[in-house]
Amino acid sequence: MKKLLLLLATILFLQYNARSDEGMWIPLYLGELNEAEMQAMGMKITAEDIYSVNQSSLKDAIVLFGRGCTAELVSDEGLILTNHHCGYGRIQAHSSLENDYLTDGFWAMDRSEELSNPGLTVTFLVRMEEVTEKVLDGVDENMSEKERLEVININIEEIEEEAVKDTHYKALIKSFFSGNRYFLFINEIFKDVRLVGAPPSNIGKFGGDTDNWMWPRHTGDFSIFRIYADSLNKPADYSEDNVPYKPKKYIPVSIKGVSKGDFTFVFGYPGRTQSYIPSYGVDMQVNVINPISINLRAKRIDIFNKEMNKSKEVRIQYSGKQASISNGWKKAIGETRGITRLKTIESKQAFEEEFNLWASSSPELNSKYGSLLDEFEKDYEKIVPLIQKSVYALEAGLSAEIIRYALSFDKLVDQSKNKDIDNESIQNAVEKLKGAMDRHFKNYQLFIDKEVFISMMTDYYQNNKMSDIPPVIADKINKYNGDFEKMTDDLFSKSMFASKENTITFLEKYKKSHYKKIKKDPAYKLADGIASYRQNEVKPDIRKLGRNLDSLMRIYMQAQMEMQPMKKFYPDANMSLRVAYGNIDGYNPDDAVTFKHYTTLDGIMEKEDPDIYDYVVEDKLEELYNSKDYGRYADSDGTIHVCFTATNHTTGGNSGSPVLDAEGNLIGLNFDRCWEGTMSDIDYDISQCRNIALDIRYCLFIIDKFAGAGHLVDEMTIIE
């Protein structure tokens, strides 16, 4: 009994001493859960000012940019800001050797120069509503997980359909707290989004992969787009007749600057966190998934970097690919390092001991939760080797571009085999592949892909048992007796997918019966074999075990909330609109090392190195620095502040999110986290976890003084 009382006292202490900076909170419930604390920390607006369905609020100025970033409206003419790396793919798509917008930047000096971006959308949240009771209507505790999901999916479909009936809105229901609660999101999606401005990569990507996830940071990570609508201010496909969107709300921009301790909050679309998983899940991430990803991605990055440093053309072609691979690679390294330093696995194991003690404190609790962690352990033991096979097949097997490109013809093969598919549908599919073909080969170098393929196949062979390698690869290894250069030369010389000319010739003459030629292509056979191995031999067991783990996680989440009734729980991120709040602050990553909360233009000049691409400084920027021509964007200390850090809890998807001050004014653009704190997706540590933001004053300085695009600043409401 004494031990139980001590446990309960410890739990209550932890609940009442929760870290206010941790959490990604549902805006619908800010008034109920967070408003008082936020105002005590310094916020001067209300929860209703942040999220409201009765009046315009900050939520009406926030958009999901594309499928994985956030952006915010900063003018009544549809102007939005996001990160440079969020707009990077669009900037790259418009770039060529003749118009190298990646290197030189792009600035539309009037509306006619703004560039359209087919396929790019921005999504506004119209309203959200909790629909847990409706979704779980008819669900019985005695149901199997499969039966439970069937009922839930039917309910979701009916609720979504009814919610947007006779409107142009889109409905989406997401699960929260591991399936214990459900929320309905009514969205409005705009399809005409045009590129307005982007700094040169030497500003927007300054520091490159060297500084990625690191602090101090000096990256001018922003780009500018504009939303267009039809004459009724409604979403419409691109048309020259469209006009700039008139928002319900846009965010004023403050150039007052920030000081240590200032209240701040981030409003955006965080992607995915796993704050409540058991120790077995953390162990799998750190000791299985991350090591494979880190190793294989490092090899691809080295190959890309070597060739990008030799050729400007290759740099343009591969910069986006390299950045995408590198981002996850470096994050995985930092995450593993942080979890190891925090001893997260050990702390979760200690909590699990307390959980088992609590669960055994009564017959009722023991019946509900007594075997829960044992079940977790059994399922993780089964899923770990399967995850290892799947990650290797993805990171090594499908890493070569020729393999992934060949796999994109899979749909055409399936359609052509179907006798009920008409020729018009087939030709539509062919035309889509032609468009994708142009995009693919525009950024493709055969010799680089061959080197990647050799490296990945060699690693596959050296670090796996043959029984754990997809049979289609194992057969090739045996056929060539481990001679990967010969294997590679034969593959690339015999596949039509290695050549744009051969691919276009094939597509121009395509008929339904020609799908057999695709199936015989060596690159397609390899791609199809690897994909089939993942999909048919590995994924079914992963999905089965995953459903079991999801079911256990739902119960475990429910149990944690029951065990800690005084604790304020925030749901894991799931790419839904959230608020995170904290304070401007530096941090101490190591013994005797202290970082300030801000960086300046002085630091850019100190890092300048014309021989290292990541640290090249633009001539015009250097001129402005030397002349101290900072305009109204300098701090009170006389310097230009570039970036700052705060304790807001962020993750992927928060890129481009507005960082807002106590009055709800824009003071920065969130773009990264410090490397020491990347484990915050699993374990938040207030001493180390920092979001990194671009100081809005540096953004405006670049737009106005560097680019001469002051007309864009004139559109904004500036708070001085």
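One-based numbering along the sequence shown.
- The shortest non-hydrogen separation linking L398 to I403 is CD2-CG2, 3.7 Å.
- The main-chain N or O of L365 is never found under 3.5 Å from a side-chain atom of W358 such that the two would form a donor-acceptor pair.
- Checking side-chain atoms of W213 against main-chain N and O of N327 turns up a donor-acceptor pair under 3.5 Å.
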Any chance you could lay out the side chain to side chain donor-acceptor pair (under 3.5 Å) test for N670 and N691, step after step, and finish with the verdict?
CA-CA 7 Å; N670 189 80; N691 66 301; 3.0 Å; yes

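- At distances below 3.5 Å, not a single donor-acceptor pair connects side-chain atoms of D490 with backbone N or O atoms of M487.
- Here the side chains of I26 and P571 are in contact, with some heavy-atom distance below 4.5 Å.
- Annotation: the span from E133 atom CD to N155 atom CG amounts to 12.5 Å, rounded to 0.5 Å.
- Contact annotation: the side chain of Q558 never approaches that of F177 to less than 4.5 Å [non-hydrogen atoms, C-beta and beyond].
- Within the structure, salt bridge (charged side-chain N to carboxylate O under 4.0 Å, His left out) pairs that include any residue of residues 287-297 comprise R297-E395 (at least two apart or interchain).
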Under the side chain to side chain donor-acceptor pair (under 3.5 Å) criterion, do D449 and Y444 qualify, and how do the steps go?
CA-CA 8 Å; D449 206 25; Y444 183 69; 2.7 Å; yes

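- Formation of a donor-acceptor pair under 3.5 Å by the N153 side chain with backbone atoms of L149 is found in this model.
- Listed by first and then second residue, the side-chain hydrogen bond (donor to acceptor under 3.5 Å, both in side chains) pairs that reach into residues 398-410 are Y318-E401, K321-E401, D410-Y524, sequence neighbours excluded.
- Put simply, the side chain of T70 gets close to the backbone of G653: a donor and an acceptor are under 3.5 Å apart.
- Counting only residues at least two apart or in different chains, salt bridge (charged side-chain N to carboxylate O under 4.0 Å, His left out) contacts with residues 468-480 comprise K389-D468.
- For the pair F497 and A406, the tightest heavy-atom approach, listed with the atom from each and the gap, is CD1-CB, 3.6 Å.
- Residue-environment remark: CZ (R341) exceeds the threshold of 12 foreign heavy atoms within 6.0 Å.
- Taking a 6.0 Å sphere around NZ of K134, one finds it holds 12 or fewer heavy atoms contributed by other residues, nucleotides or ligands.
- Between the side chain of T336 and the backbone N or O of I333, no donor-acceptor pair lies under 3.5 Å.
- Residues F595 and P589 form a side-chain contact, since some pair of their non-hydrogen atoms from C-beta on lies under 4.5 Å apart.
- Checked against salt bridge (Lys or Arg N to Asp or Glu O under 4.0 Å), E352 has no partners two or more places apart in sequence or in another chain.
- Across all their heavy atoms, I325 and F304 have their closest contact at CD1-CE2, 3.5 Å.
- Applying the salt bridge (Lys or Arg N to Asp or Glu O under 4.0 Å) criterion to D211, with sequence neighbours excluded, gives K607.
- Identified under the side-chain hydrogen bond (donor to acceptor under 3.5 Å, both in side chains) test for residues 529-549, with sequence neighbours left out: S390-R534.
- In this structure, the salt bridge (Lys or Arg N to Asp or Glu O under 4.0 Å) partners of D672, at least two apart in sequence or on a different chain, are R217.
- Aromatic rings from F355 and Y556 are positioned such that their centres are separated by under 6.0 Å.
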Apply side-chain contact (heavy atoms from CB on, under 4.5 Å) to residues S175 and Y182 and explain how you reach the verdict.
CA-CA 5 Å; S175 72; Y182 290 84; 3.4 Å; yes

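- Remark: Y380 engages no residue in a ring pair (Phe, Tyr, Trp, His ring centres under 6.0 Å) (not counting sequence neighbours).
- Side-chain atoms of N481 do not come within 3.5 Å of backbone N or O of D483 as any donor-acceptor pair.
- The backbone N or O of S279 lies less than 3.5 Å from no partner atom in the side chain of Q349, so there is not a single donor-acceptor pair.
- Here salt bridge (charged side-chain N to carboxylate O under 4.0 Å, His left out) pairs that include residues 550-560, with residues two or more places apart or in two chains, are E145-R554.
- At a threshold of 4.5 Å between non-hydrogen side-chain atoms, the residues V286 and I682 do not count as touching.
- Annotation: the span from F453 atom CZ to L491 atom CG amounts to 5.0 Å, rounded to 0.5 Å.
- Residues forming a disulfide bond (SG atoms under 2.5 Å apart) with C86 (at least two apart in sequence, or on another chain): C69.
- Each of N290, T340, T678, T344 was evaluated against E335; a single residue qualifies, N290, per the side-chain hydrogen bond (donor to acceptor under 3.5 Å, both in side chains) test.
- Annotation: side chain of Q688 is not in contact with side chain of C674 (no heavy-atom distance under 4.5 Å).
- Panel note: side chain D572, backbone S275; a donor-acceptor pair is recorded below 3.5 Å.
- In terms of heavy-atom proximity, L136 sits nearest to N180 at CD1-O, 4.4 Å.
- Using modelled atom types, one side-chain atom of Y460 and one backbone atom of A393 make a donor-acceptor pair closer than 3.5 Å.
- Side-chain atoms of Y369 and M563, non-hydrogen and from C-beta on, never get closer than 4.5 Å to each other.
- For the pair K567 and F569, the cation-pi criterion (under 6.0 Å, within 45° of the ring axis) is fulfilled.
- Applying the salt bridge (charged side-chain N to carboxylate O under 4.0 Å, His left out) test to every pair with at least one member in residues 358-383, sequence neighbours left out, gives these pairs: K368-E562, E375-K378.
- Between I339 and Q285 there is no side-chain heavy-atom pair separated by less than 4.5 Å.
- Every residue two or more places apart in sequence or in another chain that forms a salt bridge (Lys or Arg N to Asp or Glu O under 4.0 Å) with D459 is listed here: K299.
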Set out, in order, the CA-CA distance, both residues' side-chain angles and the distance that settles side chain to side chain donor-acceptor pair (under 3.5 Å) for S319 and Y88, then state yes or no.
CA-CA 10 Å; S319 57; Y88 197 85; 2.8 Å; yes

Checking side chain to side chain donor-acceptor pair (under 3.5 Å) for the pair T650/N648: CA distance, chi angles, key distance, verdict?
CA-CA 6 Å; T650 61; N648 301 299; over 6 Å; no

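- Residues K331 and R673 are in side-chain contact: their nearest non-hydrogen atoms beyond the backbone lie under 4.5 Å apart.
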Take T219 and H85, measure what side-chain contact (heavy atoms from CB on, under 4.5 Å) needs, and give me the verdict at the end.
CA-CA 11 Å; T219 311; H85 74 261; over 6 Å; no

